[in-house]
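Have a look at the structure below before the remarks.
Convention: sequence-line order gives letters A, B, ...; per-chain numbering from 1. Everything quoted here is computed from the prediction, not taken from an experiment.
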Protein chains: 2
Amino acid sequence: MIRSANPLAQEPRYELIARVLRENIAAGILPEGFVLLEGPIATVMQTSRVPVQAALRQLLEERLISRFDGRGYLVGRVTAGTVPIRRDIRELDLLIPPMVDDALQTRGTWRHVYDEVEEEVASCQIFGEFRIVETELAEHLGVSRTVVRDVLARLQERGLIRKSAASHWIAGPLTARTVSDKFELRGIVEPAALRLAAPHIRYAEVEDLLERIETDPAITPQEMADALMEHCIAQAPNTALVEMIRSNRLLLSAVDRALIRLGLPPDEDTIEQYQTLLDLISRHPIDSACEYLRDHLSITARRYLARMKIVAVIPEAGAFAPYLSPQ
Amino acid sequence: MIRSANPLAQEPRYELIARVLRENIAAGILPEGFVLLEGPIATVMQTSRVPVQAALRQLLEERLISRFDGRGYLVGRVTAGTVPIRRDIRELDLLIPPMVDDALQTRGTWRHVYDEVEEEVASCQIFGEFRIVETELAEHLGVSRTVVRDVLARLQERGLIRKSAASHWIAGPLTARTVSDKFELRGIVEPAALRLAAPHIRYAEVEDLLERIETDPAITPQEMADALMEHCIAQAPNTALVEMIRSNRLLLSAVDRALIRLGLPPDEDTIEQYQTLLDLISRHPIDSACEYLRDHLSITARRYLARMKIVAVIPEAGAFAPYLSPQ
DNA sequence: ACCTATGTTATACGAAGTACAGTTTATGCG
DNA sequence: CGCATAAACTGTACTTCGTATAACATAGGT
């Protein structure tokens, strides 16, 4: 029983490809008589030809397609009057469900379960120290210990879990120290990145964001933070720097999401701060934006710590993933 | 055939413990008639009692120790006249070879092979793109694919290798862009860390370093860089920051060592720069040191790139590890 | 279509840590 | 000195992790 966000992730590629073709035939996007060729399909699906072959064989068995006197397969049954339609399949704009597309992109089970585990592991840490047992997690995810160990190794490398003296996996506790260290680091690198990014920011997008703040009252600080990261900071032409910023924010934003889920209302005036910041970025010398970002981060840090303290004393923290046992 | 720097690393703990006890009995540090108790030995060796038990059983089989009417084991053979010596083993100052001590500290084969692989993988990257095949590396190291995959996963997390579209492991190439990105990042975070570290630096050690520069003509820039990192920058009371700096330097210093091995002479005047820097740190306002560090890093970056270019064209780069195949 | 490499599973076993019950040793006290 | 009691130690069962190994499906390349 895999709890991945994407249940399609475990299915073999040929299944996914067969599914896509099936749906496109049903929807009439692939018309009767269309000539299906392995190579072009493989290109469209961004995969190799082997799974396409398998998918086609399967569809043939289902009688959705048929062989004919020539290379490839024809959509539908061949009758005397069928005229093969030979066109580039890319022109047809196949309907590829995003879930399937996502599942086709990444290879590796561990990638599909990783995000979920990361989220749960990160967000439990406000409530103290938790232990993770490999076999339990494996059972929970419905995968083998190999995959679990892969996930755990990466969580360890990314600083979300560690090993106890007894070599057991331990998550947390998230101390005020950890959080303020991470915010301090943000205060150092994010303004610097913003400065480097300045020449590469697409300012039209920033204006759109400002527009959205004005018009959309439901916009959340998390969305703003993500948008700021993607449109401004991540535009810095320094991969090492941007990657580092991302990984440093990982734990913080997971915990933030956990706090929201627990019902802590986000600050109203944070939105205003983002508004000011975006305004500075798009209409003023970048230095002022950098300085403001630094201040904003130190304010955010204080609020973040305050919110953590409130939640930490909630007795009914309750809903941890079953593989997380409090120590 | 494991190529680890420390061949003792593969042996089980009880072997190591038995070895230590054996040597200490032979050396007479553990006198005839001394009462060996599991618990205290476990404490001294920083382990649990189980491997100590195993070690004692082994020594008993070798007749180096014997049981007697009471708890524990006696060193040597029991005769009528033997009087049990009951003393705290910690007072005896057991002889524990550093190699054994090191091997006792870390658990896990992958840790023992990791450093070697990291060094080789990092340093080959000046010469372009290399491929690593899991089974070949496994054979080379004399370990299973499990361990190799663990090592590779961590190398990937640390940004030293990646996967190709075909899901093969690829190291490198180390581009000028990568290097200057990393140096740019250093220029942002290292001065900041130095500033945070200032109140925590043990200035006596800095003075010692300055002294060594004066007196020891054989001192290398690498040693200076490491010393600066450990004594000054790493003293910053922000774990996240220091860890980040460490991981960012990893590739750069591995490549640097590779360049030295290839016979590129290190700069003479770099030493002078470190001298100035340490002088600023210990005797002047920290801001001046931070500024100087920033300048120093940008100079170092330029030189580093120049040295890379020289080496990259050496035809006989030659001596890569056998599991690294150029693409 | 064959060859090679990776991703994953399943299984097995050794090594090491923990918990607990039961025994021995040390210590304090009369 | 003898005894009671606390503290220390051992034996053992149980748990978890580290590694090895074989096997197979999937995928990419030629």
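The stretch residues 33-48 of chain B touches DNA chain C through Thr47(B), Ser48(B), each having a heavy atom within less than 4.0 Å of the strand.
Arg13(B) places its CZ atom 12 Å from the C1' atom of dC17(D), with the value rounded to the nearest Å. Glu139(B) has its CD atom 15 Å from the C1' atom of dA20(D), to the nearest Å. Separating the NZ atom of Lys163(A) from the P atom of dA15(C) is a distance of 17 Å, rounded to the nearest angstrom. Between Glu134(B) atom CD and dA23(D) atom P the separation is 19 Å, expressed in whole Å. Here the P atom of nucleotide dG7(C) and the OH atom of Tyr114(A) are 17 Å apart, to the nearest Å. One can place CG of Asp150(A) at 11 Å from P of dT9(C), the figure rounded to the nearest angstrom. Whole-Å rounding puts the Trp169(A) CH2 to dG17(C) P distance at 16 Å. Atom CZ of Arg111(B) and atom C1' of dA16(C) are 15 Å apart (whole Å).
Residue contacts shown for Arg67(B) are limited to sugar-phosphate atoms, with no base heavy atom under 4.0 Å away. When heavy atoms are screened at a 4.0 angstrom cut-off, Arg131(B) is found touching the sugar-phosphate backbone but no base atom. Within the 4.0 angstrom heavy-atom criterion, no nucleotide atom of any strand lies near Ile17(B). At a threshold of 4.0 angstrom between heavy atoms, the contacts of Ile132(A) are confined to the sugar-phosphate backbone, with no base atom among them. Here Val50(B) lies in heavy-atom contact (under 4.0 Å) with a base.
Taking side-chain N and O atoms only, Arg145(B) has no distance below 4.0 Å to OP1 or OP2 of dA20(D). At dG18(D), one or more side-chain N or O atoms of Ser167(A) fall inside 4.0 Å of OP1 or OP2 (strictly under the cut-off). Within the structure, every side-chain polar atom (N or O) of Tyr14(B) is placed at least 4.0 Å from both OP1 and OP2 of dA16(C). For dT25(C), the OP1/OP2 oxygens have a side-chain nitrogen or oxygen of Arg86(B) closer than 4.0 Å.
Glu243(B) has a carboxylate O that lies under 4.0 Å from a charged side-chain N of Arg246(B), or vice versa, which qualifies the two as a salt bridge. The pair Glu32(B)-Arg77(B) fails the salt-bridge criterion, with no side-chain N (NZ, NE, NH1 or NH2) lying under 4.0 Å from an Asp/Glu carboxylate O. Electrostatic pairing of Arg19(B) and Glu23(B) does not count as a salt bridge here, judged by no charged N lying under 4.0 Å from a carboxylate O.
Side-chain N/O atoms of Arg49(B) and base N/O atoms of dG11(D) include a donor-acceptor pair closer than 3.5 Å.
Using a 4.5 Å heavy-atom threshold, the side chains of Leu36(B) and Ile89(B) count as touching.
Nearest-nucleotide assignment on DNA chain D puts the 5′-proximal partner with Arg57(B), out of Arg57(B) and Glu136(A). For the pair Thr146(A) and Pro51(B), both in contact range of DNA chain C, the more 5′-proximal nearest nucleotide belongs to Thr146(A). Residue-to-nucleotide proximity on DNA chain C shows that, of His168(B) and Pro12(B), the 5′-proximal contact is made by His168(B).
Arg162(A) forms no cation-pi arrangement with Phe130(A), by the criterion of a distance under 6.0 Å to the ring centre and an angle within 45° of the ring axis. A cation-pi geometry, defined here as NZ or CZ lying under 6.0 Å from the six-membered ring centre and within 45° of its normal, holds between Arg158(B) and Tyr114(B).
Asn24(A) places a side-chain N or O within 3.5 Å of a backbone atom of Val20(A) that can act as its donor or acceptor partner.
Side-chain atoms of Val133(B) lie closest to dA5(C) of the nucleotides dG17(C), dA20(D), dA5(C).
Remark: aromatic rings of Tyr73(B) and Phe68(B) are distant, center separation not under 6.0 Å.
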